[in-house]
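Keep in mind that the numbers below use all heavy atoms, side chains included, and drop hydrogens, waters and symmetry copies. All of these numbers come straight from a predicted model, not from anything done at the bench.
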Amino acid sequence: QVQLVESGGGLVQAGDSLRLSCATSGRTFNNYAIGWFRQAPGKEREFVAAISWNGDSTSYADSVKGRLTISRDNAKKTVYLQMNNLKPEDTAVYYCAAGQALSASYLPHEYSYWGQGTQVTVSS
């Protein structure tokens, strides 16, 4: 069992940066890949970024490549999403999720545990 809590969201202007954190609890954090997904109002949840269980592999949605960076600190059981050069279209609720697939998967069904989300709003 893994519990996840997101933090770090907020209201920023276009071009600003934010760092989201996904704090986890549970004994087996190191066995899980972690993904970030987001959902904007009226839209379906979409993949943002993911990192493998050991941090050796990452994947990103095309829309965020070069602007967002995912990383993990297994000692702190925390995953981070550094978001730079934010755009209004990045506005959404951001969710982190844990999956035992181990690889940096972009598929939501491979993630078994989800956090409650943190709101990111980017004004133009």
Side-chain angles (χ1 to χ4, degrees):
Q1 189 82 7
V2 178
Q3 292 79 43
L4 306 101
V5 178
E6 303 92 338
S7 63
L11 172 62
V12 297
Q13 293 185 334
D16 285 351
S17 298
L18 279 175
R19 189 177 79 159
L20 304 184
S21 298
C22 174
T24 72
S25 59
R27 296 180 299 170
T28 57
F29 172 75
N30 292 3
N31 294 344
Y32 289 84
I34 302 293
W36 283 97
F37 295 79
R38 66 187 182 187
Q39 188 167 19
K43 295 187 177 181
E44 294 186 353
R45 188 173 298 188
E46 65 174 359
F47 169 74
V48 176
I51 189 165
S52 61
W53 69 277
N54 60 359
D56 284 353
S57 177
T58 58
S59 62
Y60 296 92
D62 287 343
S63 59
V64 306
K65 282 181 180 177
R67 299 189 298 117
L68 274 60
T69 303
I70 189 171
S71 61
R72 68 188 293 159
D73 184 334
N74 283 356
K76 295 183 178 179
K77 296 184 177 180
T78 300
V79 172
Y80 305 98
L81 185 68
Q82 178 66 43
M83 304 192 296
N84 298 329
N85 190 23
L86 283 162
K87 303 177 180 181
E89 51 263 44
D90 294 318
T91 295
V93 177
Y94 284 71
Y95 301 89
C96 63
Q100 287 187 293
L102 302 184
S103 62
S105 174
Y106 63 93
L107 299 171
H109 70 261
E110 294 196 347
Y111 294 88
S112 303
Y113 305 100
W114 293 78
Q116 295 299 306
T118 185
Q119 177 71 47
V120 172
T121 304
V122 185
S123 64
S124 58

Would you check if the side chain of [X] reaches a backbone N or O of [Y] as a donor-acceptor pair within less than 3.5 Å?
| X | Y | result |
| --- | --- | --- |
| Q13 | S123 | no |
| T118 | G9 | yes |
| Q116 | E6 | no |
| R72 | G55 | no |

When hydrophobic residues are tied together by side-chain contacts of less than 4.5 Å, even through go-betweens, does [X] share a cluster with [Y]?
| X | Y | result |
| --- | --- | --- |
| L81 | W114 | no |
| V48 | V12 | yes |
| F47 | M83 | no |
| I70 | V2 | yes |

Roughly how far, to the nearest 0.5 Å, is [atom2] of [Y] from [atom1] of [X]?
| X | Y | atom1 | atom2 | result |
| --- | --- | --- | --- | --- |
| L68 | L18 | CG | CG | 10.0 Å |
| T121 | D90 | OG1 | CG | 11.0 Å |
| Q119 | R38 | CD | CZ | 12.0 Å |
| Y111 | F37 | OH | CZ | 5.0 Å |

**Request:** Please examine the side chains of Q82 and S17, heavy atoms only from C-beta on, and report whether any two atoms are closer than 4.5 Å.
**Result:**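 S17 reaches Q82 side chain to side chain.
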**Asked** Does K65 pair with D62 as a salt bridge, N-O distance under 4.0 Å?
**Response**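 Counted as a salt bridge, because a side-chain N and a carboxylate O are separated by less than 4.0 Å.
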How close do [X] and [Y] get, counting heavy atoms only, and between which atoms?
| X | Y | value |
| --- | --- | --- |
| Q3 | S25 | OE1-OG, 2.8 Å |
| C22 | W36 | CB-CZ2, 3.6 Å |
| G117 | V93 | CA-CG1, 3.8 Å |

**Request:** Report yes or no: is the cationic atom of R19 (NZ for Lys, CZ for Arg) under 6.0 Å from the centre of the six-membered ring of Y80, at an angle within 45° of the ring normal?
**Result:**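 Geometry flag: set, cation within 6.0 Å and 45°.
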**The single option from I34, T24, L4 passing side chain to side chain contact (heavy atoms under 4.5 Å, CB included) against V79** =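 The side chain to side chain contact (heavy atoms under 4.5 Å, CB included) with V79 is passed solely by I34 among I34, T24, L4.
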For residues 95-107, please give each side-chain donor-acceptor pair under 3.5 Å, one per line with the distance, not counting sequence neighbours.
from, atom 1, to, atom 2, distance (Å)
S105, OG, L107, N, 3.0
S105, OG, E110, OE1, 2.8

**Request:** Just say parallel, tilted or perpendicular for the rings of Y113 and Y32, cut-offs at 30° and 60°.
**Result:**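 Y113 and Y32: perpendicular rings.
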